[in-house]
Amino acid sequence: MEGTTGRSKSEMESGSTSNNNESHIAFKEGSWFGQFKNGSNPWMARYVYGLIFLASNLLAWAVRDYGRNAFPEMERLKNCQGGRGCLGAEGVLRVSLGCFAFYFVMFLSTAGTSSLYNCRDTWHSGWWSVKIGLWIALTATAFLVPTFIIQIYGEIAHFGAGVFLLVQLVSVISFITWLNDCCQPDKTEDKCHIHVMLLATAAYIICIVGIIMMYVWYAPEPSCLLNIFFITWTLVLIQLMTSVSLHPKVNAGILTPGLMGLYIVFICWCAIRSEPAGENCIRKAEASNRTDWLTIIVKKEAPVGDAVPYGYGFFHFVFATGAMYFAMLLIGWNTHHIIKKWTIDVGWTSTWVRIVNEWLAVCVYLWMLVAPVILLRCRQTNESA
């Protein structure tokens with residue numbers, strides 16, 4: 001009897017697991033509308049959360065640029081002080097606070113989820129009517145809180161945006177390292193060497209062209225000392241990363257410093273374009289709209305057994321800090337800064353934030369190169385002692 005009972009329980013558990021796997025496969029292979037309607041699909045959930053995040057940022061932009069015409073009723077709210085506390089920079093912070101609160105609630109309620117088919121997985125991947133209602137309620141509540149709370153949130157958002165930049169930085173370096181490993185599956189194959197050399201050469205050529213174009217566009221006169229320093233120092237950092245990577249004790253190859261060079265050239269370009277318009281050194285920048293819409297891409301992997309396909313808690317944490325980051329972009333990293341319409345991330349504060357981010361990226365990359373060498377030497381010293 002006991003053996004029969006044990007077998008029946010085992011069969012029931014295996015049957016339940018099989019049915020769950022089949023249902024998730026059906027969700028994953030179905031249409032987008034069918035996936036959303038059926039719910040409890042972590043793959044589809046990523047896109048829905050992305051749309052909610054996009055809607056929040058579009059609302060923040062609308063409140064900043066068209067608030068007085070599009071939302072005249074806000075001027076009658078007690079905490080809005082005739083519109084001053086709910087429109088412009090403070091309006092952006094209020095929308096950001098609502099978005100941050102939503103994703104932080106999701107972070108607290110899904111952090112540590114390790115397996116599918118439980119209540120927290122269902123909450124993350126389904127219940128969309130409830131969650132959309134929660135997002136709307138939190139966003140609306142943000143317009144009812146006192147102004148001093150918004151000012152405190154604005155100061156905290158500087159730190160949260162820095163955390164988002166750090167996560168972005170680590171993700172970029174990890175991706176570059178992963179790409180380097182993929183391009184070198186077998187270092188003994190000549191074909192692999194050719195592919196790596198072609199990719200690295202293309203990266204360095206683009207870096208050099210980018211440096212030259214920045215000199216032409218943003219340092220047309222010898223008096224543009226700050227821009228000349230930014231661009232020249234970027235060139236020096238590329239040379240430093242290449243030299244360390246090719247050092248015999250490191251031997252990390254030529255591909256990763258080339259790809260990192262592309263990244264820091266891009267950051268330097270964004271930093272210079274964030275400088276306030278109206279000076280001779282940024283004539284080219286005035287002719288174009290300044291945008292810097294960054295995206296969060298979650299790597300899609302097949303889950304092992306009942307494991308979740310990605311970390312739900314970390315996913316929502318990135319979106320929560322991203323809400324703070326986009327608020328900083330829309331107000332130029334200055335809670336008292338009045339920014340022009342159709343401009344994003346403009347001002348000297350924005351410029352220096354990006355420059356520091358560039359230098360930090362190089363420091364993190366160099367540490368990732370030299371840390372194994374230092375740790376190996378320390379281990380050998382301890383063993384010999």
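Values below: every heavy atom of this structure, side chains too, minus hydrogens, waters and symmetry copies. What you are looking at is a predicted structure, and each value in this text was computed from that prediction instead of being measured.
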Main-chain N/O of [Y] paired with [X] side-chain donor or acceptor, under 3.5 Å:
| X | Y | answer |
| --- | --- | --- |
| R120 | A111 | yes |
| T321 | V318 | yes |
| K131 | Y49 | no |
| S109 | M106 | yes |
| N227 | Y218 | yes |

How many angstroms lie between SG in C363 and CE in M368, if you round to the nearest 0.5 Å?
-> 13.5 Å
Could you give the distance from CG (L138) to SG (C99), rounded to the nearest 0.5 Å?
-> 10.0 Å
Tell me whether I355 is reachable from L225 by hopping between hydrophobic residues (I, L, V, M, F, W, Y) whose side-chain heavy atoms are closer than 4.5 Å.
-> no
Who passes side-chain hydrogen bond (donor to acceptor under 3.5 Å, both in side chains) against T141, sequence neighbours left out?
-> none
Hey, are S243 and Q239 close enough side-chain-wise for a donor-acceptor pair under 3.5 Å?
-> yes
Ring centres under 6.0 angstrom apart (W135, F53) = no
Do the two ring centres, one from Y103 and one from F107, sit under 6.0 Å apart?
-> no
Please work out whether the ring planes of F266 and W269 are parallel, tilted or perpendicular, with thresholds of 30° and 60°.
-> tilted
Matching residue for Y325 among F164, F100, F159 - test: ring-ring contact (aromatic ring centres under 6.0 Å, His included) = F164
